[in-house]
Q: 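Starting off with a structure, shown below.
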Amino acid sequence: MYQPIEPSFFQLPTLELAKKLLGKFIIHDQPTGKLIGKIVETEAYMGPKDKAAHSYQNRKTKRTKVMFEDAGHVYTYQMHTHTLINIVAGPVGVPHAILIRAIEPIAGIEQMQKNRGLHAKGVNLTNGPGKLTKALNITMEYYGHHWAKKPLYIAKGIAPEHIICGPRVGIHNSEEATLYPWRFFEQDNPFVSKFR
DNA sequence: TTTAAGATGCCC
DNA sequence: GGCATCTTAAAC
């Protein structure tokens, strides 16, 4: 318990992995203790044929290159004032990634509250991809890290009873890819982000 | 070197 | 609905 999952876990087909990640724990070891959240919402991005993905048509740049590594690496990027975090999926050379969109706080909640500031109450602590990275103190320095290694790692958790899928959030100019049902979340969990 | 746009969140 | 404010990529 609370130990990094075996690296082979990430070698599932991308959509399968996106579903299996629901209920897993994401853990960040800090000097002040462990910050732990349960993943309740994910989104898959499959570069080669996904117009909404940064790696569409295998575009390889400084930003997207980590997605060409083997599954389990950390892909971080900046969105306006926020850091968003992904799990690289697919075999070497196939630039897939899974965005972690929301978590439910499990341990270290007081520290998460401090990291977020006073305005974040209740579900607003971690119900969005930019919010959870701030709560967990995740920054761009984890670009290229591996999710099976401390101090930032995935651990076994609690599989959800019911999983819902639907269109991804915040995709507007990607034509047919706009409606791909590649968003997965735990039914009735209050920390799932709002659709826009 | 300059400029535009973005897988968001907070405030008005 | 506006705007903050950072990284990247593609235009000059």
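Naming convention: chains lettered A, B, ... in sequence-line order (proteins, then strands); numbering from 1 in each chain.
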Q: At a cut-off of 3.5 Å, list every protein nitrogen or oxygen paired with a nitrogen or oxygen from nucleotides 2-4 of chain C, distance to 0.1 Å.
A:
from   : atom 1 : to     : atom 2 : distance (Å)
dA4(C) : N6     : H80(A) : ND1    : 3.2

Q: From T133(A) OG1 over to M79(A) CE, what is the distance, rounded to the nearest 0.5 angstrom?
A: 12.5 Å

Q: Have a look at R101(A) and say if it touches a base, only the backbone sugar-phosphate, or nothing, with a 4.0 Å heavy-atom cut-off.
A: sugar-phosphate

Q: Heavy atoms of chain A, cut-off under 4.0 Å: which first and last nucleotide of DNA chain B, 5' to 3', fall inside that, if you could look?
A: dG6(B) to dC10(B)

Q: One pair to check against side-chain contact (heavy atoms from CB on, under 4.5 Å): I98(A) and L21(A). What are the steps and the verdict?
A: CA-CA 9 Å; I98(A) 296 164; L21(A) 280 165; 4.0 Å; yes

Q: Need one value for E43(A): base, sugar-phosphate or nothing, where a base atom within 4.0 Å counts as base even if backbone is also close, heavy atoms only.
A: nothing

Q: Using a 4.0 Å heavy-atom cut-off, does L84(A) contact any base of the nucleic acid, only the sugar-phosphate backbone, or nothing at all?
A: sugar-phosphate

Q: F25(A): which other cluster members, linking ILVMFWY side chains closer than 4.5 Å, directly or transitively?
A: M1(A), Y2(A), I27(A), I36(A), I106(A), Y153(A), I158(A)

Q: Answer yes or no: is there a donor N or O on one side and an acceptor on the other, between the side chain of E186(A) and the main chain of L22(A), under 3.5 Å?
A: no

Q: I need the residues from residues 131-146 of chain A with at least one non-hydrogen atom less than 4.0 Å from DNA chain B; give them sorted by number, or say none.
A: K131(A)

Q: Rounded at 0.5 Å granularity, tell me how far NZ in K24(A) sits from CD1 in I154(A).
A: 9.0 Å

Q: Looking at side-chain heavy atoms only, is the closest gap between M140(A) and Q78(A) below 4.5 Å?
A: yes

Q: Evaluate the side-chain proximity of T76(A) to V74(A): yes if any heavy-atom separation is below 4.5 Å, no if none is.
A: yes

Q: Mind checking the CD-CD spacing from E104(A) to E41(A)? Nearest 0.5 Å is all I need.
A: 13.0 Å

Q: Any chance you could measure I103(A), atom CD1, to N189(A), atom CG, to the nearest 0.5 Å?
A: 11.0 Å

Q: Looking at every strand, decide which applies to H119(A) at a 4.0 Å heavy-atom threshold: base, sugar-phosphate, or nothing.
A: sugar-phosphate

Q: Just verifying a value: how many Å separate Y77(A) OH and I85(A) CD1, rounded to the nearest 0.5 Å?
A: 11.0 Å

Q: For F10(A) and I5(A), what are the C-alpha separation, side-chain angles and deciding distance, and is it a side-chain contact (heavy atoms from CB on, under 4.5 Å)?
A: CA-CA 9 Å; F10(A) 300 101; I5(A) 200 160; 3.9 Å; yes

Q: Which residues pass the salt bridge (charged side-chain N to carboxylate O under 4.0 Å, His left out) test with R168(A), sequence neighbours left out?
A: D50(A)

Q: Are Q57(A) and P48(A) close enough that some pair of their side-chain heavy atoms sits under 4.5 Å apart?
A: no

Q: Quick check on contacts: within residues 166-184 of chain A, what sits under 4.0 Å from DNA chain B by heavy-atom distance?
A: G170(A), I171(A), N173(A)

Q: How many angstroms lie between atom OH of Y45(A) and atom OH of Y75(A), to the nearest 0.5 angstrom?
A: 10.5 Å

Q: Strictly distance-based, threshold 3.5 Å: is any side-chain N or O of R116(A) a donor or acceptor partner for the main-chain N or O of N124(A)?
A: yes

Q: By the ring-ring contact (aromatic ring centres under 6.0 Å, His included) test, which pairs, at least two apart or in different chains, include something from residues 105-145 of chain A?
A: H28(A)-Y142(A), Y142(A)-H145(A)

Q: Identify, with sequence neighbours excluded, every residue that meets salt bridge (charged side-chain N to carboxylate O under 4.0 Å, His left out) alongside K20(A).
A: E16(A)

Q: Represent DNA chain C in dot-bracket notation, 5' to 3'. Only Watson-Crick or G-U wobble pairs with both distances under 3.5 Å count; pseudoknot-style crossings use [ ] and interstrand partners use |.
A: ||||.||||||.

Q: Show every salt bridge (Lys or Arg N to Asp or Glu O under 4.0 Å) that has at least one partner inside residues 55-71 of chain A, sequence neighbours left out.
A: none

Q: So does N86(A) get a backbone contact from the side chain of W147(A), meaning a donor-acceptor N/O pair under 3.5 Å?
A: yes

Q: Find every protein N or O atom lying less than 3.5 Å from an N or O atom of nucleotides 10-12 of chain C, and list the pairs.
A:
from    : atom 1 : to     : atom 2 : distance (Å)
dA10(C) : OP1    : R59(A) : NH1    : 2.6

Q: Can you list, in residue-number order, the parts of residues 65-74 of chain A that come under 4.0 Å of DNA chain B, counting heavy atoms only?
A: none

Q: If we check side-chain contact (heavy atoms from CB on, under 4.5 Å) with L136(A), which of these qualifies: Q30(A), Q111(A), M112(A)?
A: M112(A)

